[in-house]
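Structure first, commentary second.
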Amino acid sequence: AEADKKKRLEQEKATEAKRKKLAAEQERQAAERERQKTAAREAEKERLAKEATEAAAKKKAEEDKRAAEEAQMVQSIGGLINDRIAAAWNRPPSARNGMKTELAISFLPAGDVLAVNVIKGSGDALFDQRAANAARSIRVEELSKVDPYVFDRNFRKVVIIFNPQDLRN
């Protein structure tokens with residue numbers, strides 16, 4: 001009986017040791033699964049952050065490209081407006097080198113001139129009047145091809161300095 005009792009106690013101890021070992025193994029596996037889940041979540045966060053950064057960089061590059069193209073177009077059409085005014089301008093006899101007038105020109109989307117105002121005169125009323133008349137007479141058909149948003153932002157009202165370079169001293 002004593003030997004059976006001892007044997008049973010040893011079996012119980014062995015069973016308890018196995019149970020503890022199994023519980024420890026299950027705990028270790030659960031911790032490993034949790035670590036893997038955490039690592040997967042972190043990797044997903046990093047991937048999403050990288051995608052967001054790349055998307056933001058791509059969007060910024062596209063915006064910069066559009067802004068550069070818009071600036072180029074504004075400069076080109078601004079020069080075109082100045083050239084057309086110079087071509088339509090009737091030079092007064094009193095015009096001299098260095099004379100310039102600042103004009104505010106309001107355009108319609110089709111390229112027609114709505115209004116012209118002299119912001120800063122040259123000091124010669126006839127020079128200023130003829131520059132304003134020339135500005136009223138032009139039409140810039142190229143404006144009809146411009147995106148409406150870009151037109152409103154850049155061409156609805158244009159301020160130019162009319163400064164012909166071919167005047168005598």
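Note that this is a predicted model, so its numbers are computed, not measured.
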Hydrophobic cluster identity match, Leu80 and Val74, side-chain contacts under 4.5 Å = yes
Should the pair Arg8-Asp4 be classified as a salt bridge under the 4.0 Å nitrogen-to-oxygen rule?
-> no
Which atom names give the shortest non-hydrogen contact between Val118 and Ala132, and what distance separates them?
-> CG2-CB, 4.2 Å
Which pairs pass salt bridge (charged side-chain N to carboxylate O under 4.0 Å, His left out) with one or both residues in residues 9-18, sequence neighbours excluded?
-> Glu16-Arg19
Answer yes or no: is there a side-chain heavy-atom contact under 4.5 Å between Thr101 and Lys120?
-> no
Does Asn90 have any side-chain hydrogen bond (donor to acceptor under 3.5 Å, both in side chains) partners at least two apart in sequence or in another chain, and if so, which?
-> none
Set of salt bridge (charged side-chain N to carboxylate O under 4.0 Å, His left out) partners for Asp152, sequence neighbours left out | Arg156
Given salt bridge (charged side-chain N to carboxylate O under 4.0 Å, His left out), test Glu141 with Arg84 step by step and report yes or no.
-> CA-CA 12 Å; Glu141 301 85 11; Arg84 292 206 177 147; 3.4 Å; yes
Hey, does Met73 have a side-chain heavy atom less than 4.5 Å from the side chain of Val150?
-> yes
On the 0 to 90° scale, with breaks at 30° and 60°, tag the Phe127-Trp89 ring pair as parallel, tilted or perpendicular.
-> perpendicular
Please check if the side chain of Ser76 supplies one atom and the backbone of Gln72 the other of a donor-acceptor pair under 3.5 Å.
-> no
Apart from Leu108 itself, members of its ILVMFWY cluster (side-chain separation under 4.5 Å) are Leu114
Smallest heavy-atom separation, Ala110 atom then Arg139 atom, equals O-NH2, 3.3 Å
Could you check if a side-chain atom of Glu142 sits within less than 4.5 angstrom of a side-chain atom of Val146, using non-hydrogen atoms only?
-> no
Going through the checks in order, is the side-chain contact (heavy atoms from CB on, under 4.5 Å) test met by Lys157 and Ser106?
-> CA-CA 4 Å; Lys157 184 175 185 180; Ser106 297; 4.2 Å; yes
Yes or no on side-chain contact (heavy atoms from CB on, under 4.5 Å) for Phe107 and Val158, after CA distance, side-chain angles and deciding distance?
-> CA-CA 8 Å; Phe107 284 99; Val158 176; 3.9 Å; yes
Residue from Arg35, Gln29, Arg28 passing side-chain hydrogen bond (donor to acceptor under 3.5 Å, both in side chains) with Glu32 | Arg35
Could you walk me through whether Lys58 and Glu54 pass the side-chain contact (heavy atoms from CB on, under 4.5 Å) check?
-> CA-CA 6 Å; Lys58 184 177 178 182; Glu54 289 171 355; over 6 Å; no
Could you list the residues that satisfy side-chain hydrogen bond (donor to acceptor under 3.5 Å, both in side chains) with Arg66, not counting sequence neighbours?
-> none
Side chain to side chain, Glu102 and Ile160, heavy atoms closer than 4.5 Å | no
Close side-chain approach of Asn154 to Tyr149, heavy-atom, < 4.5 Å = no
Which value, rounded to the nearest 0.5 Å, describes the distance between Phe155 atom CZ and Ile77 atom CD1?
-> 4.0 Å
Where do Asn117 and Ile105 land on the side-chain contact (heavy atoms from CB on, under 4.5 Å) test, with the steps shown first?
-> CA-CA 7 Å; Asn117 295 310; Ile105 307 169; over 6 Å; no
Side chains of Glu25 and Lys21: does their closest heavy-atom pair fall under 4.5 Å?
-> no
Taking Asp128 for the side chain and Ser122 for the main chain, is one N or O donor matched with an acceptor at less than 3.5 Å?
-> yes
With no hydrogens and no angle check, do the side chains of Asn133 and Arg130 hold a donor and an acceptor under 3.5 Å apart?
-> no
All salt bridge (charged side-chain N to carboxylate O under 4.0 Å, His left out) counterparts of Arg33, not counting sequence neighbours = none
Which pair of non-hydrogen atoms, one from Met99 and one from Asn163, has the smallest distance, and what is that distance?
-> O-OD1, 3.2 Å
Considering residues, nucleotides and ligands other than Glu44, do more than 12 of their heavy atoms fall under 6.0 Å from its CD?
-> yes
So do Val140 and Val113 actually touch side chain to side chain, heavy atoms under 4.5 Å?
-> no
Search all heavy atoms of Leu103 against all heavy atoms of Ala131 and return the closest pair with its distance.
-> CD1-O, 3.9 Å
Please examine the side chains of Glu63 and Lys59, heavy atoms only from C-beta on, and report whether any two atoms are closer than 4.5 Å.
-> yes
